[in-house]
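A short write-up of the structure that comes next.
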Amino acid sequence: MDFKALVLAMSPDTYQSLLDTVATGRWADGVALSDMQKEHTQQLVMAYQAYVLKSTEPYTIGADGQMVVKSKAEMKKQFPQDSSIARFAHDDL
């Protein structure tokens, strides 16, 4: 089985587990990843993002195999401009 076929056969649960593993540097049982395991796990996560998710999120790998990079202005456009956080006057608190 080639690499792309392996990635396409991965379930979403497996991807999420690998993503968590990369983020924490540990397997689900708490055992730390070796350097080689970390490298391979990161490659699988990036390949899944590219081939399956076709992610357009910044700092992921896009369907074209390149890292998705967005400017600050492009990222700001993703959020509604009229959304404001709760604001209180000093006397309200």
Side-chain angles (χ1 to χ4, degrees):
M1 177 180 274
D2 69 4
F3 184 73
K4 185 174 181 179
L6 174 69
V7 171
L8 292 174
M10 265 184 5
S11 72
D13 290 337
T14 301
Y15 164 72
Q16 189 60 52
S17 176
L18 292 173
L19 186 63
D20 293 343
T21 298
V22 168
T24 62
R26 299 189 172 278
W27 295 110
D29 63 2
V31 175
L33 275 76
S34 69
D35 289 340
M36 185 179 289
Q37 289 173 328
K38 187 172 186 175
E39 181 179 330
H40 291 169
T41 305
Q42 287 173 334
Q43 289 175 359
L44 280 170
V45 166
M46 291 186 302
Y48 190 90
Q49 291 171 344
Y51 294 132
V52 178
L53 298 180
K54 299 187 183 349
S55 181
T56 60
E57 292 296 311
Y59 309 110
T60 61
I61 304 301
D64 61 358
Q66 299 298 315
M67 180 179 267
V68 177
V69 180
K70 294 184 178 180
S71 68
K72 185 176 177 181
E74 289 172 317
M75 288 191 275
K76 272 181 95 172
K77 287 179 186 176
Q78 293 179 328
F79 300 102
Q81 297 301 319
D82 62 339
S83 64
S84 61
I85 59 174
R87 301 200 185 276
F88 301 95
H90 183 270
D91 295 333
D92 292 342
L93 302 174

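Scope of the values below: all heavy atoms of this structure, side chains included, with no hydrogens, waters or symmetry mates.
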**Message:** Using the side-chain contact (heavy atoms from CB on, under 4.5 Å) definition, which of the options Leu6, Thr14, Asp13, Leu8 pairs with Met10?
**Reply:** Thr14
**Asked** Does the Thr21 side chain pair with the main chain of Ser17, one donor and one acceptor, at a distance under 3.5 Å?
**Response** yes
**Asked** Can Leu33 be reached from Met36 by stepping across I, L, V, M, F, W or Y side chains whose heavy atoms are under 4.5 Å apart?
**Response** no
**Message:** Gln16: which residues meet the side-chain hydrogen bond (donor to acceptor under 3.5 Å, both in side chains) condition with it, sequence neighbours left out?
**Reply:** Asp20
Identify each donor-acceptor pair in which a side-chain atom of residues 41-49 lies under 3.5 Å from a protein atom, sequence neighbours left out, and give them as a table.
from	atom 1	to	atom 2	distance (Å)
Thr41	OG1	Gln37	O	2.6
Gln49	NE2	Tyr15	OH	3.2

